[in-house]
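Computation of the quantities below employed the complete heavy-atom set of this structure, encompassing side-chain atoms and omitting hydrogens, waters and symmetry-equivalent molecules. Within every chain, numbering begins at 1; the chains are lettered A, B, ... in the order of the sequence lines, protein sequences first and strands thereafter.
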Amino acid sequence: MKRVTFSALLTTSVLAVATTTARAQEADVIHWWTSASESKAVAALAEKFEAAGGTWSDAAVAGTDAARTAVSTRIQAGDPPAAFVASAVLEYQDMARTGQIANLDAVAAEMDWENTIPASLLDAVKVDGHYWGAPVNMSVNNFLWTSRKALEAIGETEPPKTWDELFEMSDRLKEVGIIPYAHPGKWYWDLNTFGFILASQSPEAFSRFHSLDPEVFDDPAVLQAAEIYAKLRDYSDSGAPGREWNLSNQMVMNGEAAFYLMGDWAKGEITAAGMTPGEEVICTVSLDDAPAAISGDAMLFPSLDGSTEPSPAQLLLAETLTSVDAQVAFNTLKGSMPVRTDAPTDNLDACSRLALEHEKAHGSVSAYPALLSGDAAGSFGDVLGNFWVDSGATAEDLVYELQDTASLFN
Amino acid sequence: MAQDGSISMRRPLKLLQGQTALLPGWLILIVAYIGTILWTARISFTASRSIPVDTFVGFDQYARLFRSNRWVQSVENMLLYGSLFILGCLIIGFLLAVLLDQKVKGESVFRTIFLYPYAVSFVVTGLVWQWVLNPSLGLQKAVRDLGFENFTFDWLVDRDRAIYVLTGAAVWQASGLVMALMLAGLRGVDGDLWKAARVDGASAPRYYLRVVLPLLKPSIFSSVVLLGVAVIKSYDLVVAMTSGGPGNATELPAKFIMDYLFGRQNLGLATAASVVLLVTVIAVLAPLAYVQSQRARRIRT
């Protein structure tokens, strides 16, 4: 009895696979966009894809880790989805190099990615000079969020523009009993924050640091960044280690703390609390005219039938996804920014517009997930996290430790 | 004669039947346990990152493992956490069992209360203790709000003390289990022993330490084994309570392995760490198992 049901099950699943491959324009997409605004955005994207002649088959998985597991298991089991969402192509570089991911060079050329998408986003979807993913959206990661209430407490109206100004204000904030800096203390925020500081001192040192150049540690910019990071530690509270970013956000929203650096996703929490980003919580991009640190999700297309050439459905989806039309429709609903520089900006909110202007004036760099392997990122994060809780360690110690860690990967 | 013959004919058949019945068990043991251990050991000698590859690099992963401050600290933490945890659970569990053994009223109520934390998962334990001990949310803030402005209790974010907080939470969770095991043991102790000890003029503490404790050896041994297993696989409590922080202060080997296996995508390093952990466990257990088997043999003969 049991055997019968099992074989029946097997037949149906084989049939299911057969029917998916039969319909050439159908694409099943694994993604983790399941919140209210995100699923609306996905629906808009699906609509554009269907209008272009494709058939969207939704395979949403809640949670990034669960989605990643679903992707890996299906690829390993030989039943890959037509497309899936990833934070960075780097994560899947082993699969790209072993021919398990489709090559998108043709789509990139056809849609003129080079001239219409910021270079730092394109770097994030390239491995060994080839395109393995399509950029989906753009987020600015290094907004300095400032509590207006805290500023008013020390008689200021404008947020700081340089680190010197920030530390000068911080001294006065301390006197009135406000925590100057609400550091989010997970290792990845430690690493992000250090990267933002380094980019504010020297974008060149930033990119050399993230490409694990052993010489970069002789650059004075790295020591300067370490000094600012050490100072930030002194101006943060003792509750920082291990703190989630939304708790930091809350501290800034209610004026308990004055500043913190975080990506544009903080807007969602601010709006949910009934406030307006840019009003009660002011947004500016980093300090010292630093480049905007940008990141974005990418859509990857597993190789089907053993070929790294994308299938017709995959090709169509990649083209649709990076068209101006779909970019605007998707990102307006999701609350992020279109990747295309030629997309109209009138739908964007004040903070996003400000970030775009900043990016035009001061350029952009990629945030670390596109640049470092999980291993290297985690190891740097460990060093920065340990430094944060070791009040005896100096900026020189930090540079030495970072250099030592970088040497593991050369 | 004829009877003997039929028995010797049947014996191999019976044996064959028995072995056939055991076959699935053997298969599971060989493939699922020994097989995966060998596979893990093999990967630890390769340069595998997110997917297993066959590029052999010798002992490179092991060299990197022991160069890693985080791994060394994880192992040190495990030794400290493990010994305090096992000792703490044994002492508290034994004391609770002895107290309950005094034929107190409402014993079953107390027993339930003391055993209750064990029914709570480590994740929940970790979260609750994290909230209670977080300086800006929990105990410290509550006492300060009562008017004691200078009250400070920030062990959870103090890198020299966080490991003790972790141990405390684990002891709170698991000592109920030890209590239950010890209580079962105590119920097996003959009540006449107490009368005899009293006649000899022994005090109650002396009676429990000198007479009862040696009788509880089997309970103690199973407690130590259960707690030891809990120490080796400690992962969820750390993740929920401190996520290894502050810094690396509460990192444990199991968390190191999980981090490198998935988030950090370094299969080679993670499997090397697993192998080292396994070898350590075997090194501790082998002498213990030897002593046990020798003792069992002595009892039999």
Side-chain angles (χ1 to χ4, degrees), chain A residues 64-65 68-69 72 75-76 87-88 90-98 100 179 182 185-188 190 236-244 247-248 250-251 256-257 369 372-393 401 404-405 407-409, chain B residues 47-55 60-61 63-65 67-71 73-74 126 130 133-138 140-141 152-162 238-251 256 258-270:
Chain A
T64 51
D65 282 338
R68 272 190 197 113
T69 314
S72 309
I75 292 180
Q76 304 297 344
S87 314
L90 193 71
E91 248 181 82
Y92 293 92
Q93 64 170 353
D94 288 345
M95 288 194 187
R97 286 189 178 136
T98 50
Q100 288 173 282
I179 299 163
K186 296 276 181 209
W187 70 264
Y188 33 89
D190 293 336
S236 193
D237 58 315
S238 65
R243 179 160 59 207
E244 294 283 358
L247 285 177
S248 297
Q250 213 157 9
M251 291 168 73
E256 194 185 326
L372 291 175
S373 69
D375 191 2
S379 302
F380 282 131
D382 284 346
V383 169
L384 289 160
N386 269 330
F387 175 77
W388 191 274
V389 291
D390 181 4
S391 48
E401 289 287 331
D404 188 47
T405 304
S407 71
L408 286 176
F409 301 97
Chain B
S48 301
R49 304 193 65 83
S50 63
I51 48 176
V53 295
D54 288 338
T55 329
D60 279 11
Q61 302 285 13
R64 172 159 171 217
L65 185 68
R67 249 190 85 187
S68 155
N69 289 333
R70 182 170 156 181
W71 171 254
Q73 189 167 9
S74 298
Q130 190 208 328
L133 296 173
N134 184 309
S136 10
L137 296 171
Q140 176 177 318
K141 188 171 156 37
T152 307
F153 189 71
D154 57 357
W155 284 28
L156 191 65
V157 291
D158 182 330
R159 68 182 193 136
D160 297 324
R161 292 181 175 148
V238 191
V239 170
M241 205 163 152
T242 61
S243 52
N248 288 344
T250 53
E251 290 291 351
F256 181 97
M258 291 296 278
D259 281 357
Y260 278 92
L261 213 48
F262 297 106
R264 298 189 175 185
Q265 297 184 327
N266 193 335
L267 280 179
L269 189 65

Measuring heavy-atom distances to chain A, does B:Arg64 have an atom under 4.5 Å in its side chain, in its backbone, in both, or in neither?
-> side chain

Side chain, backbone, both or neither: which part of A:Gln100 has a non-hydrogen atom closer than 4.5 Å to chain B?
-> side chain

Heavy-atom proximity to chain A below 4.5 Å, by part of B:Asn69 = side chain

Which is it for B:Ser243 and A:Lys186 under the side chain to side chain contact (heavy atoms under 4.5 Å, CB included) test, yes or no, and what are the steps along the way?
-> CA-CA 9 Å; B:Ser243 52; A:Lys186 296 276 181 209; 3.5 Å; yes

What residue in A:Ser379, A:Gly378, A:Ala240, A:Gly239 has the most heavy-atom pairs under 4.5 Å with chain B?
-> A:Gly378

Could you have a look at B:Glu251, B:Arg264, B:Arg159, B:Gln130 and say which one has the most heavy-atom pairs with chain A under 4.5 angstrom?
-> B:Arg264

Pick from A:Asp375, A:Thr98, A:Val389: which one has the most heavy-atom pairs with chain B under 4.5 Å?
-> A:Asp375

Heavy-atom check, side chain of A:Asp404 versus side chain of B:Arg67, under 4.5 Å = yes

Spacing of A:Leu408 atom CG and B:Ser68 atom OG [to the nearest 0.5 Å] = 8.0 Å

Interchain contact, A:Asp190 with chain B, by part (heavy-atom threshold 4.5 Å) = neither

If you take all heavy atoms of B:Asn248 and A:Asn386, which pair is closest and at what distance?
-> N-OD1, 2.7 Å

Heavy-atom closest pair (B:Gln265 atom, A:Glu91 atom, distance to 0.1 Å) is OE1-O, 3.5 Å

Where A:Ser373 and B:Arg49 come nearest, the two heavy atoms and their spacing = OG-NH2, 3.9 Å

Name the member of B:Asn266, B:Leu156, B:Thr242, B:Asp154 that forms the most heavy-atom pairs with chain A at distances under 4.5 Å.
-> B:Asn266

